[in-house]
Protein chains: 4
Amino acid sequence: MQEKRRKILDATLKLISQFGFHGTPMSLIAEQAGVGAGTIYRYFENKEALIMKLFLKLKAEISQEMLNGFDSTRPPEQVFRQVWLNTFHYCIQHPAEMMFLEQYHNSPFLTPASESAVQDMLAPLVKYAEKSTASGQVKEMPFEMLTIFVYDTTIALAKRHISGFLKVDEFALDLAVQASWDAVKGPAA
Amino acid sequence: MQEKRRKILDATLKLISQFGFHGTPMSLIAEQAGVGAGTIYRYFENKEALIMKLFLKLKAEISQEMLNGFDSTRPPEQVFRQVWLNTFHYCIQHPAEMMFLEQYHNSPFLTPASESAVQDMLAPLVKYAEKSTASGQVKEMPFEMLTIFVYDTTIALAKRHISGFLKVDEFALDLAVQASWDAVKGPAA
Amino acid sequence: MQEKRRKILDATLKLISQFGFHGTPMSLIAEQAGVGAGTIYRYFENKEALIMKLFLKLKAEISQEMLNGFDSTRPPEQVFRQVWLNTFHYCIQHPAEMMFLEQYHNSPFLTPASESAVQDMLAPLVKYAEKSTASGQVKEMPFEMLTIFVYDTTIALAKRHISGFLKVDEFALDLAVQASWDAVKGPAA
Amino acid sequence: MQEKRRKILDATLKLISQFGFHGTPMSLIAEQAGVGAGTIYRYFENKEALIMKLFLKLKAEISQEMLNGFDSTRPPEQVFRQVWLNTFHYCIQHPAEMMFLEQYHNSPFLTPASESAVQDMLAPLVKYAEKSTASGQVKEMPFEMLTIFVYDTTIALAKRHISGFLKVDEFALDLAVQASWDAVKGPAA
DNA sequence: TATGAATGAGCGTTCATTCAT
DNA sequence: GATGAATGAACGCTCATTCAT
C-alpha cells in the first residue's frame, strides 16, 4: 500500500523542515506517520535514501509548479513574470517544502546524481529561454545563469518574507519581479 | 594561548564544510586541530557554541571583505560592482567558508541572535544605499531586498561555479554583474 | 517483557551495592543484566531514575518484610521483637539490598519525593505504636523517634555483623533486641 | 605551608557534604580553596586519598568531641549522657561534618584500614565501659554493640532533626537520651 | 613551591537499523 | 506485509590527573 509511503514522506517533510535532518529521528518520523519504525525500511533503504527521495519528489513538485500555465507563445516578459510568481507563491504557500529543499541544497547530502535528476523537468523552459535569448529579448546568458534570477532571487525573497525580515506586500512583490526581469531582459525587450 | 583556539576553528571550518555539522564529530575536530578532545571545551562551551562562534567570525570576515575599498563618494554603479565582485571573489577563493555559511544559514542552528549580531557590520552600506535610492540612481526598495541582488545572486553564481555547473569566466562574470546591476539601477542611472 | 526490567534491576543492585553508584557504569549494568546498553533506556529514563526506582522497590520490600506476621492484637513487646527481628534478618539475608538502601539514604540522590513515597507503607505500625504509647506500654515518643530503636539500631547491628566487626550470634542478638526494647518500653510494660 | 592543606580540606568538606563525592570535581575544590588545581596533588596523592584523609580528620574530631569532659570517676549514667549529648551537639552544630562522615561510612570508599585507624581514639571509653559492665551498671555487651546506642542512635536523631523530620527540643532530647540509657543500663543501675 | 592549560579515558545517552513475531 | 523491542556503535562531554612554566 503506497498510502503508507506517502504518510512517511509527509511526516519526514513536516519534521525535518522544523527540526532539521539530525533533529529528526526515524522513530519520530514513524510515530508522526503512524507506522512502525521498521515499516519505513520496507519503503526506503535507509534514512539517507528516504531524504533523497523526498527531495526528488519536492523538486519535481516545485518544478511542476513553476511551469504552471506556461505558454511558449506568449512574450518573454510575461512568461518570466509568471514563472517567477509561480515559484514565489509555491514557496510562501509551502514553507516547509521550501525549507526542506534549501536545507538539502546546502547539505552534504546533495550529490550530483540527485541534482541532475531534476534538470530535464524544466526542459520546456530551457528551450523557450534559448529562443528568447536568440531574439534579443533576453540577455544572452547560459540557462544556469538565468535561473539565478528566476529561482534564487525568488527563494531569497520568500525566505525574507517567511522569516519576517521583509514584509512582502503586492507592491514589494511587483518591485522584486520587475527588478529580476530588468536583470535578464535583453536589448530587444 | 589563542593559537589553539584558531586551530580549532580552522579544523571545524574545514571538516564541517566538507562533511556537514553532523558528519563532523568533536573528536575529529580535535584530531584535525591537533589538540585533545577535552581541549576544545576550554575554548568553546559546546559544539553548538563552537559552530556559532565560527559562523560569527566568518560572517564578520565576509562582511569586511564585501566592504573592501568601499568609497561612498563614488557613483552607485561602481560601488555596486565593487561590492558584488568583492563578495564573489571571496566566495570562490574561500569555498569552504562559503559552504559553511550557507549550510548554517539554512540550518536549525540559525537563531535570531546569531542573525542580528552581524546586521550592523554592513551599516555603511545601508546608509549609502539610502542615499542612492533617494537620488534615483537605485530603485526605491528596502535594503533587505537590495541585498538579494548584491548577495544572494552572487552566492548563487559562486555556488554554480564551484560545483562546476557553470563555468564562470571573465565574460560570464561581467554578464552577471551587469544583470544584477540592471536589476537594481534606478531611473536616474 | 518485564523479565528484562527485572534483570536490569537485579544487576543494578548487585553492582551498586558492591562498587557504589559511580563505580557502576551503565555499560556494566547492561553487561551484567545480559542486555544491550540501549535497552536499559527502554525501561528507565536515565541512570538516576533507574536507581530511584530500585530504591523504591527495595524500600517497599523491606517495609513488607518488617511487617511480616504483624498482629496488632499481640502485646507491644512481642510485636516490637518481631518487627526488630524481621528487619534484622532481612538485612543479613539481603546484605546487598541493605548496603544499597543505606548508600542511597546517605547520598545526594535522596529527594523528599523518594523519601515520602514510602512513608505510608508502615502505616499499620504507626497506628499500633500510638495505641501502645497511649496504654503506657511504650514510652510516649513520636513515631519518628521510635523508629530509631526499631530500625536504625537494627541496621547498625546488621552492618557490624556483615562487616565482621561484631559476631552476632543468638545470644548477642537477644541482647540487642532486649536493649532496644528497654529503650522504648514504657512504665506500664 | 599547611595553611593551603587546611583550606583544601575545608573546601572538600563544604562541597562534598553538599554535592556528594561525585558531584564535587577536584577543580571545584581547588577553586573553593583558592588554590590551583594541581596544588591539591602536592598535599594529597589523589582524590580518594584526599577524601580519606578528611574522613580520618573528622573522625578524630568527632571522637575528641565525644570524649569532651570525660571523667572516669563519675557514674556510668552521667558519663553515658555526657558522651551522648556531646555527640549530638557536635552533629547538629557541624551538620556538614556529620553528612560527610555518614556519606563516607556508607560508601565503597570505606576500607578496613580507614575504619580501624580511629578505633583507639575511643580507648578510654572502651576501658571505662568494661569497668561499668563488670560492675553491672551497664549491660554486659561488647563495646561494638554499646556504640550502637551511644553513637548510631545519636546520629539517627541528629539526622531526623536536621532533615526536619523530627523537631528535637529539650524535652525530646531528654527523652531520647533516657531511652538510649535505658537500652544499655545494667541490672545494678 | 604553585600553577592551570592540556589531556584523553571513560562516562551517560541516542538512534539508525535489524529481525523475531 | 507490518511491527516495535532490542541492539550497540558512536556521539558529546566531564574531570582526575599531569607537567611545562
Side-chain angles (χ1 to χ4, degrees), chain A residues 1-2 4-5 8 21-31 33-51, chain B residues 1-5 8 21-31 33-51, chain C residues 1-5 8 21-31 33-51, chain D residues 1 4 8 21-31 33-51:
Chain A
M1 209 195 327
Q2 292 308 82
K4 280 197 161 57
R5 187 188 150 92
I8 292 166
F21 295 149
H22 297 277
T24 305
M26 293 293 264
S27 56
L28 194 60
I29 293 174
E31 190 182 314
V35 303
T39 305
I40 297 177
Y41 292 84
R42 304 201 67 75
Y43 294 93
F44 304 94
E45 205 175 331
N46 52 36
K47 192 179 186 181
E48 193 172 334
L50 162 60
I51 288 172
Chain B
M1 203 192 336
Q2 293 307 82
E3 165 76 1
K4 281 200 160 61
R5 188 189 149 94
I8 292 166
F21 296 148
H22 297 277
T24 306
M26 293 296 265
S27 54
L28 194 60
I29 294 175
E31 190 181 317
V35 303
T39 303
I40 297 176
Y41 294 87
R42 296 199 59 76
Y43 295 93
F44 304 95
E45 210 173 327
N46 51 40
K47 191 179 187 182
E48 193 171 334
L50 163 60
I51 289 173
Chain C
M1 204 191 336
Q2 292 308 82
E3 165 75 1
K4 281 201 160 60
R5 189 188 149 95
I8 291 166
F21 296 148
H22 297 277
T24 306
M26 293 295 265
S27 54
L28 195 59
I29 294 175
E31 191 181 315
V35 303
T39 304
I40 297 176
Y41 294 87
R42 297 199 58 76
Y43 295 93
F44 304 94
E45 210 173 327
N46 50 39
K47 191 180 186 180
E48 193 171 335
L50 162 60
I51 288 172
Chain D
M1 205 191 336
K4 280 196 162 57
I8 291 165
F21 296 149
H22 297 277
T24 305
M26 293 295 263
S27 56
L28 194 61
I29 293 174
E31 190 182 316
V35 303
T39 305
I40 297 177
Y41 292 85
R42 304 201 68 75
Y43 294 93
F44 304 95
E45 207 176 331
N46 51 38
K47 192 179 187 181
E48 194 171 333
L50 162 60
I51 288 172

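The analysis underlying the following values was restricted to heavy atoms, covering all of them including side chains, and did not include hydrogens, waters or symmetry mates. Please read these numbers as outputs of a predicted model, since none were measured by experiment.
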5' priority, DNA chain F, between D/G23 and A/I40 [closest heavy atom]: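 In this pair, the answer is A/I40.
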
Residue met sooner reading DNA chain F from 5', once C/G38 and B/N46 are mapped to nucleotides: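 Residue closer to the 5' terminus by nearest nucleotide: C/G38.
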
5'-most by nearest nucleotide on DNA chain E - A/A37 or B/G34: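 It is B/G34 whose nearest nucleotide is closer to the 5' end.
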
Selected nucleotide, minimal atom distance to [X] side chain, candidates [options]:
| X | options | result |
| --- | --- | --- |
| A/K4 | F/dA16, E/dG8, F/dA2 | F/dA2 |
| D/R42 | E/dT1, E/dT7, F/dT7 | E/dT1 |
| B/T39 | F/dG12, F/dA2, E/dA6 | E/dA6 |

Side-chain N or O of C/K47 closer than 4.0 Å to phosphate OP1/OP2 of E/dT13: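 Answer no for this pair, as no side-chain N or O of C/K47 is under 4.0 Å from OP1 or OP2.
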
Short side-chain N/O contact to E/dC15 OP1/OP2 from A/S27, under 4.0 Å: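 No, because none of the side-chain N or O atoms of A/S27 sits under 4.0 Å from OP1 or OP2 of E/dC15.
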
side-chain contact (heavy atoms from CB on, under 4.5 Å) evaluation trace for C/H22 with D/F21: CA-CA 9 Å; C/H22 297 277; D/F21 296 149; over 6 Å; no

Can you measure [X] atom [atom1] to [N] atom [atom2] for me and round it to whole angstrom units?
| X | N | atom1 | atom2 | answer |
| --- | --- | --- | --- | --- |
| C/M26 | E/dG12 | CE | C1' | 7 Å |
| B/E48 | F/dC13 | CD | C1' | 14 Å |
| D/Y43 | F/dT17 | OH | C1' | 18 Å |
| B/Q2 | E/dA6 | CD | C1' | 14 Å |
| A/F44 | E/dA16 | CZ | P | 15 Å |
| A/I29 | E/dA16 | CD1 | C1' | 11 Å |
| D/I51 | F/dA16 | CD1 | C1' | 11 Å |
| C/Y41 | F/dT7 | OH | P | 14 Å |

Close side-chain approach of C/E48 to C/I51, heavy-atom, < 4.5 Å: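 A side-chain contact under 4.5 Å is absent here.
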
Watson-Crick/G-U partner (both atom distances under 3.5 Å) of E/dT14: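 For E/dT14, the partner nucleotide comes out as F/dA9, under the 3.5 Å rule.
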
Residue matched to F/dA20 through Watson-Crick or wobble contacts both under 3.5 angstrom: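 Pairing partner: E/dT3.
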
